[in-house]
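These notes concern the structure reproduced below.
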Amino acid sequence: MEKARPLWANPLQFVFACISYAVGLGNVWRFPYLCQMYGGGSFLVPYIIMLIVEGMPLLYLELAVGQRMRQGSIGAWRTISPYLSGVGVASVVVSFFLSMYYNVINAWAFWYLFHSFQDPLPWSVCPLNSNHTGLDEECEKASSTQYFWYRKTLNISPSIQENGGVQWEPALCLVLAWLVVYLCILRGTESTGKVVYFTASLPYCVLIIYLVRGLTLHGATNGLVYMFTPKLEQLANPKAWINAATQIFFSLGLGFGSLIAFASYNEPSNNCQKHAIIVSLINSSTSIFASIVTFSIYGFKATFNYESCLNKVILLLTNAFDLEDGFVTASNLEQLKGYLASAFPDKYGEVLPQIKNCSLEAELDTAVQGTGLAFIVYTEAIKNMEVSQLWSVLYFFMLLMLGIGSMLGNTAAILTPLTDSKVISRHLPKEAISGLVCLLNCAIGMVFTMEAGNYWFDIFNDYAATLSLLLIVLVETVAVCYVYGLRRFESDLKAMTGRTLNWYWKAMWAGVSPLLIISLFIFYLSDYILTGTLQYQAWDSSQGQLVTKDYPPYALAVIGLLVASSTMCIPLAALGTFIKRRLKRGDTAPVA
Amino acid sequence: TKWGSGLGTEFTKRRHGGEESPAVDPREACRGLCSRPSRAKVLFHWSGKAQSTYAENAFKVRLSIKTALGENAYAWDTSEEYLFRAMVAFSMRKVPNREKTNISQVLICNVTQRVSFWFVVTDPTQNHTLPASEIQSAIRMNRNRINNAFLLNDQTLEFLKIPSTLAPPTDPSVPIWIIVFGVIFCIVLIAITLLILSGIRQRRRKSKGPPEVDDTEDKCENTITVENGIPCDPVDSKGGHLNDAFITEDERLTPL
């Protein structure tokens with residue numbers, strides 16, 4: 001008797017699992033950046049169009065494939081066509097790379113979470129230098145939040161060549177992060193199904209709390225108004241459309257095999273069309289919601305810095321001219337400067353070089369994305385709030401929930417094909433398989449805890465998944481529509497769910513989405529080729545800022561290997577199947 | 001115009017001297033010891049290197065009362081200056097060999113609206129000033145007392161040549177983050193162990209169940225029934241009198 005495939009206890013678990021996977025750190029730290037760079041409110045236009053044209057159809061396709069084939073990515077694509085099992089293998093390889101480096105972010109979130117239980121917060125003050133005469137030099141040149149991130153958390157080396165050793169503190173946090181992930185995936189869907197209730201809903205609780213707090217912060221409206229004011233001329237910029245398409249694509253997590261894995265645990269009669277629409281809408285609205293929170297935090301931070309700058313200028317003038325304390329305010333500052341310049345030109349001329357031009361727009365214009373936004377900009381804003389420990393704990397707890405939710409999807413993409421394969425599951429129970437995968441990932445992940453680890457992290461983040469995913473999803477779409485046959489798939493779905501396939505989905509799958517993906521692919525390739533040598537940002541501790549450096553040849557080799565190892569799976573597996581069939585045909589031929 | 005004046009608003013330059021020593025005219029003393037600089041740029045050098053025209057042993061003090069106290073700010077008047085001189089004299093009394101310092105030895109001049117002023121400490125004869133290093137060390141040692149007397153702190157009551165000692169960081173013996181980390185680590189390990197153990201137990205229980213149907217020969221209980229002294233053959237009875245090999249669930253009565 002065959003063991004029944006484990007199922008989700010109810011459809012809600014499936015939806016929550018998909019939401020928990022799709023809503024991840026990218027919604028919080030990439031979308032606000034894109035929104036700010038490409039025209040604020042007007043970025044929503046290409047974003048929503050791409051959602052409808054690209055996001056929903058591709059998401060529905062993956063869920064439908066998983067639900068129909070009821071196997072992980074390797075088995076599903078082998079069923080569609082034996083020559084295409086490489087697509088599944090490529091998905092597993094990409095998921096493997098992703099889970100390797102993604103959990104490091106959770107480790108960092110743990111690190112900051114544990115450090116939030118101190119007063120004052122360790123990133124709010126600069127430590128003293130070695131002889132206690134002043135503040136640490138690197139911290140003075142940069143800011144205390146940057147210092148805490150680059151020196152205390154990462155202990156970053158000046159370049160990627162200088163490896164340094166494994167830092168034991170981040171290593172411990174990484175081990176903990178993997179233990180937590182293992183705890184959640186230990187029992188398969190049984191445990192994952194319960195965990196996703198929390199990982200999907202808790203971030204929203206925290207986001208709502210932060211929304212209320214953010215909107216009541218002093219200066220929040222400055223950020224909101226500045227960012228959301230539509231700059232309609234950006235609509236003509238092709239980069240805005242390309243970035244909207246890319247963001248939708250990667251935000252939904254297509255092509256990793258996680259969605260196929262999740263859907264394979266569904267009842268065959270599940271209405272995955274409804275779920276696909278729900279998940280994609282929730283994902284996009286979370287992005288917009290998170291960017292409202294982010295922009296109000298930006299506004300607060302920018303206003304705070306602007307007012308500090310003004311206060312410094314006021315203090316300078318007050319001390320220089322021995323004016324009455326409190327006489328100079330922000331409102332009469334400009335008039336006063338004019339008066340002083342005319343009345344005491346000599347003295348004013350001496351003070352002038354030290355007077356900075358404080359500008360609110362310049363503060364708001366600093367656009368940050370990625371780990372910089374999450375760990376530097378947000379912490380800078382948090383340290384200025386009241387009861388900053390509470391806000392800090394809430395914020396990093398939310399980051400953890402988002403990160404672990406996505407990790408569940410990633411590990412599901414790796415484990416489902418492994419547990420489906422009869423060879424492996426006969427010898428090892430699923431706890432052991434999960435344990436081995438976690439252990440392997442943790443061991444390799446120690447690379448990212450070295451002093452140069454953040455540079456390798458950036459390599460993986462930028463190159464491990466981008467091109468390969470585009471190719472994988474392209475092959476997926478073409479495979480379902482043209483190799484398996486759209487009509488055949490349509491009748492399969494009808495038999496499974498009882499609903500006919502809308503013409504819209506057919507049009508998108510067969511025509512529009514593949515064209516979109518091809519154009520994205522061409523854009524990325526041309527971008528890489530045109531930029532020539534790839535460069536990275538390295539932290540210079542003597543200057544206290546980032547500098548651009550070129551990648552050494554072996555780093556470029558690693559990049560090439562990353563891209564090749566996943567994309568080559570597709571043709572290699574097809575070739576392998578072809579040869580196997582030829583050999584089999586050669587064996588059976590003389591019999592006939 | 002006097003560059004120390006505040007934008008044409010009322011500015012009263014107050015000169016003070018000791019009240020106990022009528023022998024020296026306070027104005028002369030101050031004029032002699034705290035002479036005004038000829039170049040404005042002098043003020044901007046905190047190190048005091050360019051203060052060649054100032055007496056080397058004079059210190060500039062700057063107070064930001066409104067910034068520190070807001071609405072509870074007090075006005076800076078002669079009484080406050082007297083208190084200041086008293087605090088400086090008190091600090092000097094803590095220095096060995098200077099226990100007899102009198103308040104008349106502390107001279108203040110050049111008070112501006114900022115509020116800022118210069119002060120010097122003279123020797124008992126009021127002819128020479130005491131060396132800057134002595135005054136500096138005295139003030140540093142009693143900085144806290146001086147700050148508290150005026151309800152200010154190191155940033156709002158500045159002595160421009162005297163750096164404040166920065167507070168050393170308070171490092172607890174065990175960093176707090178390790179404690180939190182340890183707690184969560186142990187909780188997670190215990191939860192994993194519990195889950196694994198319950199999984200193993202479930203699997204063992206399941207592996208005892210189904211083989212009842214398959215390998216009855218291996219699992220039979222040997223119940224030797226003795227009837228009339230003769231042992232019957234051990235029948236395959238698992239928990240009852242039903243022979244699992246022949247009877248399906250509901251067939252107890254053969255249908256006619």
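Residue numbers begin at 1 in each chain, while the letters A, B, ... track the order of the sequences. A quick note: this is a predicted structure, and the numbers were derived from the prediction, not measured.
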Subject >> From CZ (B:Arg62) to CG (A:Leu315), nearest 0.5 Å >> reply: 7.0 Å
Original post:
Under the side-chain contact (heavy atoms from CB on, under 4.5 Å) criterion, do A:Tyr182 and B:Ile196 qualify, and how do the steps go?
Top reply: CA-CA 11 Å; A:Tyr182 181 53; B:Ile196 293 183; 3.8 Å; yes
Original post:
Parallel, tilted or perpendicular for B:Trp177 and A:Phe114, by the 30°/60° rule?
Top reply: parallel
Subject >> Per-residue contact mode, B:Ile178 against chain A (heavy atom under 4.5 angstrom) >> reply: side chain
Subject >> Atom group of B:Thr193 that falls short of 4.5 Å from chain A, counting heavy atoms >> reply: neither
Subject >> Closest non-hydrogen atom pair between A:Leu186 and B:Ile192, with its separation >> reply: CD2-O, 4.0 Å
**OP:** Mind checking the CD1-CG spacing from B:Ile187 to A:Leu179? Nearest 0.5 Å is all I need.
**Re:** 13.0 Å
Original post:
Looking only at heavy atoms, what is the nearest atom pair of A:Pro429 and B:Arg203, with distance?
Top reply: CB-NH1, 3.6 Å
**OP:** Measure distances from B:Ile200 to the heavy atoms of chain A and classify the residue's part below 4.5 Å as side chain, backbone, both or neither.
**Re:** neither
Original post:
Can you tell me how far CZ of B:Arg114 sits from CZ of A:Phe327, rounded to the nearest 0.5 angstrom?
Top reply: 13.0 Å
Subject >> Pairwise distance SG(A:Cys173) to CD1(B:Ile184) - rounded to 0.5 angstrom >> reply: 10.0 Å
Subject >> Heavy-atom pair of closest approach, residues A:Arg187 and B:Leu195 >> reply: NH2-O, 3.3 Å
**OP:** Could you look at B:Ser116 and say if it's the side chain, the backbone, both or neither that has a heavy atom under 4.5 Å from chain A?
**Re:** side chain
**OP:** Return yes when atom CD of A:Glu169 has more than 12 non-hydrogen atoms of other residues, nucleotides or ligands closer than 6.0 Å, and no otherwise.
**Re:** yes
**OP:** Kindly compute the distance separating CD (B:Glu158) from CG (A:Asn319), expressed to the nearest 0.5 Å.
**Re:** 6.0 Å
